[in-house]
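Just below is one structure, and these are the notes that go with it.
Scope of the values below: all heavy atoms of this structure, side chains included, with no hydrogens, waters or symmetry mates. In what follows, every chain begins at residue 1, and chains take the letters A, B, ... in the order their sequences are listed.
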Amino acid sequence: MAQKPSIPKGTRDFIPAEMSKRKYIFDTIQSIFTLYGYLPIETPAMETMQTLMGKYGEEGDKLIFKILNSGEFNQGISADEYIQASSTALAHKICEKALRYDLTVPFARFVVMHQNEIQFPFKRYQIQPVWRADRPQKGRYREFYQCDADIVGSNSLVNEVELVQMVDAVFSKLGIRVCIKINNRKILAGIAEVIGESDKIIDITVAIDKLEKVGIENVNKELSDKGIADSTIAKLQPILELHGTTEQKLQQLQTILQSSEVGKQGIAEIEYICTNISHMSLSAEVELDLTLARGLNYYTGAIFEVKSKDVQIGSICGGGRYDNLTGIFGLPGVSGVGISFGADRIYDVLQQLDAYPAQVNQTAKILFVCFGEPEQQQALLYAQSIRSKGIACDVYPDVAKMKKQMQYANDRGIPYVGIIGETELESHTIMLKNMITGTQEAVNIEQCIAFLQK
RNA sequence: GUGGUUGUAGCUCAGUUGGUUAGAGCAUUAGAUUGUGGUUCUAAGGGUCGCCGGUUCGAGCCCGGUCUUCCACCCCA
């Protein structure tokens, strides 16, 4: 026998039962995106190395899947070079393409390349897989889908407000209780400025990001490991210990960040977003979380992260404002803000909550069960007229035992079965059986259609 | 990338200090039932015990390597 087949680490197959659930998630997200006026685009699975490298920080570069050049990729590399070069330097020599790591950077590239074909402000959505050479864990895969909605070419905070609204719409439609955490990079910058460590802002945010997880002592320890003076860490304490409602937190921040222009700007932005949201009676909880940092280093303004309240799985959605992402590709002055839904994690959450609507597993509404070939031919005609009314209909393709045909309907959750035998054929009727109640009655095709349309 | 963990039928798992032909439940297929599914009963198919090597008269069990799974870190959807 041949060797057992396998698929690469961190990838998955999806059987029909899983696909219909996944499709339900994608369709829900897509319908909301469309509802808010976003337009679809797609970009290639692979980008040039140049486009991707250096956009996600040093760690990110390592997690990008590189594609080996085709043909004689090792030509022009000496043995010395091969042994001595760092793996990234070597990668640049033998790879000119890589798999996309997210949808935001390819989108920035897209905007620059198509700047004369699109009108700003440009709202796009994109639902495609991305790849990361991460070590897999629960809710962490090497191939997974992102569902992104971004708007570029507008500085207005209205966009941020609308994104929060959209996040709320998606999760309430899916029936997932969530907490939307918001923060602002400018506030984080302000904090760094106030304590006099502006150049260490990355280290500081990475450290305080872990507050909830490891506790304040460990955060302080990490800060001091990173070479931040104890007196400076002491200045940070009142910020880490902030609590109360969003209004109260903002009020306290006002005084702490008094001397920082950026900081005050960040506060004003958050205030604008929060006041507007408060008028909208969202079902999700919105919370200002100063420990929210988000690793991607291209965010410059508001940042968002969404967590499920009932399932622990990390964030299921995240995003923020990036002021100059297209600048790297030669188009400065275009601000963007966007949000990304992690469909695979949302799937895991729904799976754990068992919160799928019943019709997700339904294929056809009616199955024709026939006893012989003449009956089948009649069923094909009936099926055609039922389908013409937009009702999903299936005809069992083989002349098989009734039990087998009924079981087919049962396994697939088909709610009605139309039985056709000699008697029905003669009287031009269908024995319409309800598979849930078990009752049945003889009807003609018009009655049958009318019944199914109800 | 670092440290740990897991692997026996499609799935969930048994398998005695190393000892004949590796088991169960569920699932699948067929029959009981030639015009009626879910329940029940009967039977069948399905395993190079993740893979490669070693120790041994003998390995599912012991040892080494490798791959995979899951977990923590890193980072993140």
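Residue-level contact check: A/Tyr141 touches the bases, meaning some heavy atom is under 4.0 Å from a base atom. Residue contacts for A/Glu422: at a heavy-atom cut-off of 4.0 Å it reaches a base atom on one of the strands shown. A/Ser340 comes within contact range of no nucleotide atom at all, as no heavy-atom separation falls under 4.0 Å. Counting any heavy atom pair closer than 4.0 Å across all strands shown, A/Ile316 reaches sugar-phosphate atoms only and no base atom. Using a 4.0 Å heavy-atom distance criterion, A/Gly319 is classed as making no nucleic acid contact. Across all strands shown, A/Val206 has heavy atoms under 4.0 Å from sugar-phosphate atoms exclusively, and none from any base. Here A/Gly60 lies out of heavy-atom contact (under 4.0 Å) with every strand. Nucleic acid contact for A/Glu305: none, since no nucleic acid atom lies under 4.0 Å from a heavy atom of the residue. A/Gly438 comes within contact range of at least one nucleobase, with a heavy-atom separation under 4.0 Å.
Rounded to whole Å, the distance from CG on A/Asn410 to C1' on B/G37 is 5 Å. Counting to the nearest Å, the P atom of B/C73 and the CG atom of A/Asp134 are 13 Å from each other. The separation between A/Ile313 atom CD1 and B/C70 atom C1' is 14 Å, rounded to whole Å. Going from atom CD of A/Gln126 over to atom C1' of B/A77 covers 15 Å, rounded to whole Å. Counting to the nearest Å, the P atom of B/C76 and the CZ atom of A/Phe304 are 18 Å from each other. One interatomic measurement links the two molecules: CZ of A/Phe26 to P of B/A77, which rounds to 16 Å at whole-angstrom precision. Rounded to an integer number of Å, the gap from CZ of A/Phe368 to P of B/G37 is 19 Å.
Looking at A/Val443 and A/Phe451, their side chains never come closer than 4.5 Å, going by heavy atoms from C-beta outward.
For the C1' atoms, the distance from B/A59 to B/U42 is 37 Å, rounded to whole Å. For the P atoms, the distance from B/C73 to B/C57 is 48 Å, rounded to whole Å. Using atom P as the reference point in both B/G58 and B/G19, the two lie 15 Å apart (nearest Å).
In this structure, A/Glu18 contributes its side chain and A/Ile15 its backbone to a donor-acceptor pair below 3.5 Å. For the pair A/Lys66 (side chain) and A/Ile94 (backbone), a donor-acceptor distance under 3.5 Å is absent.
Across B/C76, B/G38, B/U36, the shortest atom-to-atom separation from the side chain of A/Met431 is found for B/U36. Counting only heavy atoms from C-beta on, A/Gln146 has its side chain closest to B/A77 among B/U36, B/C71, B/A77. Of all nucleotides listed (B/C76, B/U36, B/A72), B/A72 comes nearest to the side chain of A/Arg135. Picking from B/C74, B/A77, B/G35 the nucleotide with the shortest atom distance to the side chain of A/Gln137 gives B/C74. Closest to the A/Lys9 side chain, of the nucleotides B/A77, B/G35, B/U69, is B/U69. Candidate nucleotides B/A77, B/C70, B/G37 were compared by shortest atom distance to the side chain of A/Phe144, and B/A77 ranks first. Comparing B/U36, B/C71, B/A77 against the side chain of A/Met402 picks out B/U36 as the nearest. In this structure, the nucleotide among B/U68, B/C71, B/G37 sitting nearest to the side chain of A/Met406 is B/G37.
A side-chain donor from one of A/Asp348 and A/Tyr141 sits under 3.5 Å from a side-chain acceptor of the other. Remark: the A/Tyr125 side chain and the A/Gln30 side chain contain an N/O donor-acceptor pair separated by less than 3.5 Å.
For a distance-only test at 3.5 Å, the side chain of A/Lys433 qualifies as a donor-acceptor partner of the base of B/U36. Put simply, the side chain of A/Gln405 and the base of B/U36 share no donor and acceptor less than 3.5 Å apart. Taking 3.5 Å as the limit, the base of B/C76 and the side chain of A/Arg132 contain no donor-acceptor pair of atoms between them.
The side chain of A/Lys401 places an N or O atom within less than 4.0 Å of a non-bridging phosphate oxygen (OP1 or OP2) of B/G31. Applying the 4.0 Å criterion to OP1 and OP2 of B/A30, one finds that A/Lys404 has a side-chain N or O inside that range. Here A/Lys210 reaches the OP1 or OP2 of B/C74: one of its side-chain N or O atoms lies under 4.0 Å away. Distances shorter than 4.0 Å separate none of the side-chain N or O atoms of A/Lys62 from OP1 or OP2 on B/G1.
With a cut-off of 3.5 Å on both Watson-Crick or G-U wobble distances, the partner of B/C62 is given as B/G54.
Between A/Tyr396 and A/Tyr408, the ring centre distance stays below 6.0 Å.
With a 6.0 Å radius and a threshold of 12 heavy atoms from other residues, nucleotides or ligands, A/Gln447 has its CD atom above the threshold.
Mapping A/Cys317 and A/Pro8 onto RNA chain B by nearest heavy atom places A/Pro8 at the nucleotide closer to the 5' end.
The residues A/Glu47 and A/Lys55 are annotated as not salt-bridged, no charged nitrogen and carboxylate oxygen being separated by less than 4.0 angstrom.
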